[in-house]
Structures are given as structure tokens and as C-alpha cells.
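To start, the structure itself, in C-alpha cells.
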Amino acid sequence: METMSLVEAWNELNKINIEIEFLETEIAKSNNISSSKLKEILVQCSISNNDKFINSLVSNDRRTSKLDSLYISQKNYEKYIRNKIKISKLTEPIICVAFLKEYYLKKDNKRMSYEDIAKEMGYSVRQVKRYYSEYKGKTPSDNSWTK
């Protein structure tokens, strides 16, 4: 299996998230419920649940099975990205810092700060800033400018 980069995996995850959002909106509109209520129903729903509405929603709408497979793909990509970051911390810290700074979003959909990245990577804030500056080409990797 060919491995993909962090950015490629992130782009795939974003495509899946957009498709999930679209399907959730479509299903919610066709069943006359709010998108947040639909997500709550689908996440908490089980096969053994006896609620007629949930059973009819799941059994009569082919989109719910597609949505379910998208949820699984979403979790798989999130896990892949987390594992790729763990590996990259040791082998390619500059790339990992750059990815976390430019692409990765926290749970509140905000970009990670240098402090957040330092905590995630196990580095100091100064070291994270140095790696990010090196990624941006602001300092030479051999630090010859200090000699």
C-alpha cells in the first residue's frame, strides 16, 4: 500500500467532512428535522432501538448507509493523521510542525498556536518557532548565519 502524506490525508479528510455535512443536511431537510438533531440520532442509534422514526429513517433512506460509511472513513483518516504525526515527530519534525501550524485545526476550528504545537510535539515553544522558521526558509538548516 502506498502511503500518503499528511497534507494528502488532510485533504481527503476535508473532502469526507464536506460530503458528510452535505448528506446530513439533505437527510435532515427531507425528514423535516434539524441537522444537529439528525446527527444526534444517527450517532446514538442502534439496530436494536425500537423508535419507529429512527427505524424508518435508517431503513428507508439509502443515504444513511452512505453517511455511515463516511463516518467510518472519517475516523480512519483521523487515526491515520494522528499516527502519521506521531511518526513524523521523530523523523521529520519540521514537516510535522509546519503541518500542525498551517493545516491542523483544534476542536474549536481554530489554528494551533505555537504553545499548542509545542505541547503536542513535546518541544519548547522556541524550538517549534525555529522549526517553523526553517520550514518557511527564514533560517538556514545548518544555522551557518550564527557562525
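At least one donor-acceptor pair closer than 3.5 Å links the side chain of Glu8 to the backbone N or O of Ser5. Checked by atom type and distance alone, the side chain of Asp116 pairs as donor or acceptor with a backbone atom of Ser113 at under 3.5 Å. Here the side chain of Tyr80 pairs a donor or acceptor atom with the backbone of Met4 at under 3.5 angstrom.
Atom OH of Tyr132 and atom NZ of Lys101 lie 6.5 Å apart (nearest 0.5 Å). Interatomic distance, Ser133 OG to Arg126 CZ, rounded to the nearest 0.5 Å: 11.5 Å. With values rounded to the nearest 0.5 angstrom, Ile94 atom CD1 is found 3.5 Å from Glu134 atom CD. Rounding to the nearest 0.5 Å places CE of Met121 at 8.5 Å from CG of Leu90. The distance from atom OH of Tyr135 to atom CZ of Phe99, rounded to the nearest 0.5 Å, is 11.0 Å. The line from NZ of Lys66 to CG of Leu23 is 7.0 Å long, rounded to the nearest 0.5 Å.
Considering all non-hydrogen atoms of both residues, Val128 and Ala118 come closest at CG2-CA, 3.6 Å. The nearest pair of heavy atoms linking Glu120 to Lys89 is O-NZ, 2.8 Å. Residue Ala9 comes nearest to Ile81 through the heavy atom pair CB-CG1, 3.8 Å, listed as atom of the first residue, atom of the second, then distance.
Ion pairing of Glu102 with Arg111 is absent here, as no side-chain N (NZ or NE/NH1/NH2) approaches a carboxylate O to less than 4.0 Å.
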Practice task
Using the side chain to side chain contact (heavy atoms under 4.5 Å, CB included) rule, take Met112 and Tyr103 through it: C-alpha gap first, then chi angles, then the decisive distance, then the call.
Solution key: CA-CA 9 Å; Met112 293 184 82; Tyr103 292 98; over 6 Å; no
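Hydrophobic clustering of Ile, Leu, Val, Met, Phe, Trp and Tyr side chains at less than 4.5 Å, counting indirect connections, unites Ile85 with Val125. Two different hydrophobic clusters hold Ile72 and Leu70 under the rule that ILVMFWY side chains link at heavy-atom gaps under 4.5 Å. Hydrophobic clustering, with ILVMFWY side chains joined whenever heavy atoms are under 4.5 angstrom apart, groups Val7 together with Leu100.
Taking 4.5 Å as the limit, every side-chain heavy atom of Ile95 sits out of range of all side-chain heavy atoms of Ser88.
For Ser73 and Asn76, the side-chain atoms include no donor-acceptor pair closer than 3.5 Å.
Using bins of under 30°, 30° to 60° and over 60° for the plane-to-plane angle, the ring pair Tyr104/Trp10 lands in the tilted bin.
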